[in-house]
Number of protein chains: 2
Amino acid sequence: MGRPIVRLKDIADKTGFSVNTVSLALRDSPRIPQDTRLMIQQAAEALNYLPNHIAKSLVSRETRTIGLVLTSITNPILTRVAQAIELRLAERGYLTLFATSNGDHQDEKKVIEMFRSRQVDGMLIYPRGHRELDHIRRLRLAGYPVVLLVGDTDAEVDVVSMDARLGGYKAVRHLIERGHSRIGLIDGGQQRGNLEKQDGYIRALADAGIAWDAALHAVPAAHSVMAGYEAMAELMARDNGMTAVLAATDSMALGALRWTQQHGLRVPQDMAIVGFDNIEFAEHAATPISSIDYAVDRVTELAVDRLIALIRADGLPEVEITLIEPELVVRASSGGR
Amino acid sequence: MGRPIVRLKDIADKTGFSVNTVSLALRDSPRIPQDTRLMIQQAAEALNYLPNHIAKSLVSRETRTIGLVLTSITNPILTRVAQAIELRLAERGYLTLFATSNGDHQDEKKVIEMFRSRQVDGMLIYPRGHRELDHIRRLRLAGYPVVLLVGDTDAEVDVVSMDARLGGYKAVRHLIERGHSRIGLIDGGQQRGNLEKQDGYIRALADAGIAWDAALHAVPAAHSVMAGYEAMAELMARDNGMTAVLAATDSMALGALRWTQQHGLRVPQDMAIVGFDNIEFAEHAATPISSIDYAVDRVTELAVDRLIALIRADGLPEVEITLIEPELVVRASSGGR
DNA sequence: GTCCCTTGTATTAGCGCTAACAGCCTCCTA
DNA sequence: TAGGAGGCTGTTAGCGCTAATACAAGGGAC
């Protein structure tokens, strides 16, 4: 490869100053007179000098890099989150190292180790599950700035997240207000806030005096449109009197909608549908789908703010859990407009 | 933050060996006898040692990091590409530094400089446009491994990409075969392969003896569903006798479909629709949409292979342009099945 | 003219690691 | 028993940069 690497030394040789003087001049130190500074800066420009960030990091002990750990991105909302985070971090002068855990606990641990080895200044993590946060807690205790992008009040690590429980609650309450009492749940499995969604669902039902009914509960293997379609088929086959359904992601809600279309059900008259995340395709579906909005901007902004606050902090600040109240966007699929 | 950093020195102090011996032992050098090696490795484990990748990079002159430059991710296909790339690079021991250019030329340049400054081993770039590749060509000439993820045969830089021109050609030929001659084009502007798509469109028409008609051409500002919807409205308002439409992305195709639904047009009888990228939501739309498949797996695999080959290469290998022939997936929106 | 202070610069050390080399044993061979 | 060969480990230097310190020259105050 042999790239032509221009170092401070080369500028020093060219201008006749020492490496240290060049370093100071390029950093606009007042200790170097203006004339000298300009001359050195011009020489640097002429040589097309680019500072070696690696060497700088070794000295300064900060890389200005943060690690973003995601599970596999099947859910479109995660990509929006990732992009928004990258953008906000870039604004603050940080680059984003990116890795996916594939929803596997061992992989998640390995990825975090890699990031540590590369001396990232902090990490934003979508953990695989809520039950296994010990390794992340240890990270925090070791003084590593970490913010989880999903979590609960008992995480013992900083969290900035959409309040999925409240989202589930709001969605179901909305359906109950529209007169539904047999409300299905297409769940998302153990991953990423779905236990909270399920919990919100259960509480809203309970508050209305409606008991949990396993016959109304489906847990597909994936989060895809197809998974939603099949879950809907399964629920309908059970002949459970269902008149409304809540899906843990909009993709699955779209799958459910598709099933109703193909089987001659009218939405919302025969079947009301509510999804999660409020992705673009939910709004523009054949029947626009009501959805719990993810508030990507607020979540990512607060998460990045918090992470940078942790990086700048001295000691080990108190854990802060920020759950953002999500809005329900009512559309035709649940009788809106 | 003051994290407790364990260095080789700490292991050396604990075991009584020198730093160098420790370093060799941890790298399983045959020059260190087995017993010593084991003992040192255990000590390292006990201290929870993690090698400092930054320091290693400074010496080895490789960071095992590659930079991925994307335009803004509104197009869902880009996120799939990004994820697939991250995965393949991870398999080969590389981490992915991630940055978006926002479709701005200056930002693109700045991002590339940042990556250089951070000594990435190579870059994968979705350039903003095809007309401004000079800075990337210079990168290549300076010996930097670069692969473009979109491009044309005259790029003078390595390219691995879907053959968008051929995709456009195939889509239009398909529509012509189904009897259409007034075929609209909802274009994607100058960005990311859309000039090629347009060119394919024009050639297919020309081959069938049909002239280009500006009245059938719309160029929305974005790639969103809404943009497709509005472009469709604009095309229909022109009263141009259009019976089929090709959209440069599936998102826009979905917008076009939505317009037809709201205005009582039957698809495909009154209006055939074909999109690009074959995203999940195209397949499961109210009327499943025909689409040119992106072949994410092949593109990303070949791109990563090529990049790593360039990284390992000695000199400056010949430019290699790989355009992958895309398949047309015919669905109901253009009369399939 | 001495002293001190400022100004501008060079020198040195060190970040954590690797690579090249040097040195000291022990053991074998002639 | 001298001499060499190997095995094992330590020493030194250097990656490109920054920070601390040293130092030389010039200018003022007394």
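Each chain gets a letter, A, B and so on, in the order its sequence line appears, and its residues count up from 1. Just so you know, these numbers use all the heavy atoms, side chains as well, and skip hydrogens, waters and symmetry mates.
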In a table with atom names and distances, give each donor-acceptor pair under 3.5 Å that connects a side chain of residues 87-95 of chain A to protein atoms at least two apart or in another chain.
residue  : atom : partner   : partner atom : Å
Arg88(A) : NE   : Thr300(A) : OG1          : 3.0
Arg88(A) : NH2  : Asp297(A) : O            : 3.4
Arg92(A) : NH2  : Asp305(A) : OD1          : 2.5

Sugar-phosphate only, base, or nothing, as touched by Thr36(A) at under 4.0 Å among non-hydrogen atoms: sugar-phosphate
Identify all side-chain donor-acceptor contacts of residues 149-157 of chain A below 3.5 Å with residues at least two apart in sequence or on another chain.
residue   : atom : partner   : partner atom : Å
Asp152(A) : OD2  : Arg165(A) : NH2          : 3.4

Pairing residues for Asp10(B) by the side chain to side chain donor-acceptor pair (under 3.5 Å) criterion, not counting sequence neighbours: Arg7(B)
Lys56(A) backbone acceptor or donor facing Ser60(A) side chain under 3.5 Å: yes
Nucleotides 11-20 of chain D: protein proximity per nucleotide (B base, S sugar-phosphate only, - neither; heavy atom, under 4.0 Å): B--BBBBBBB
With Arg64(A) via salt bridge (charged side-chain N to carboxylate O under 4.0 Å, His left out) - residues at least two apart: Glu62(A)
Which residues share a side chain to side chain donor-acceptor pair (under 3.5 Å) with Asp35(A), sequence neighbours left out: none
Divergence of helical axes at both termini of the helix from dG1(C)-dC30(D) to dA30(C)-dT1(D) - five pairs an end, 10° steps: 70°
Listed partners of Lys9(B) passing side chain to side chain donor-acceptor pair (under 3.5 Å), at least two apart: Asp13(B)
Pairs satisfying side-chain hydrogen bond (donor to acceptor under 3.5 Å, both in side chains), at least one member in residues 19-30 of chain A, at least two apart: Ser18(A)-Thr21(A), Ser23(A)-Arg27(A), Asp28(A)-Gln41(A)
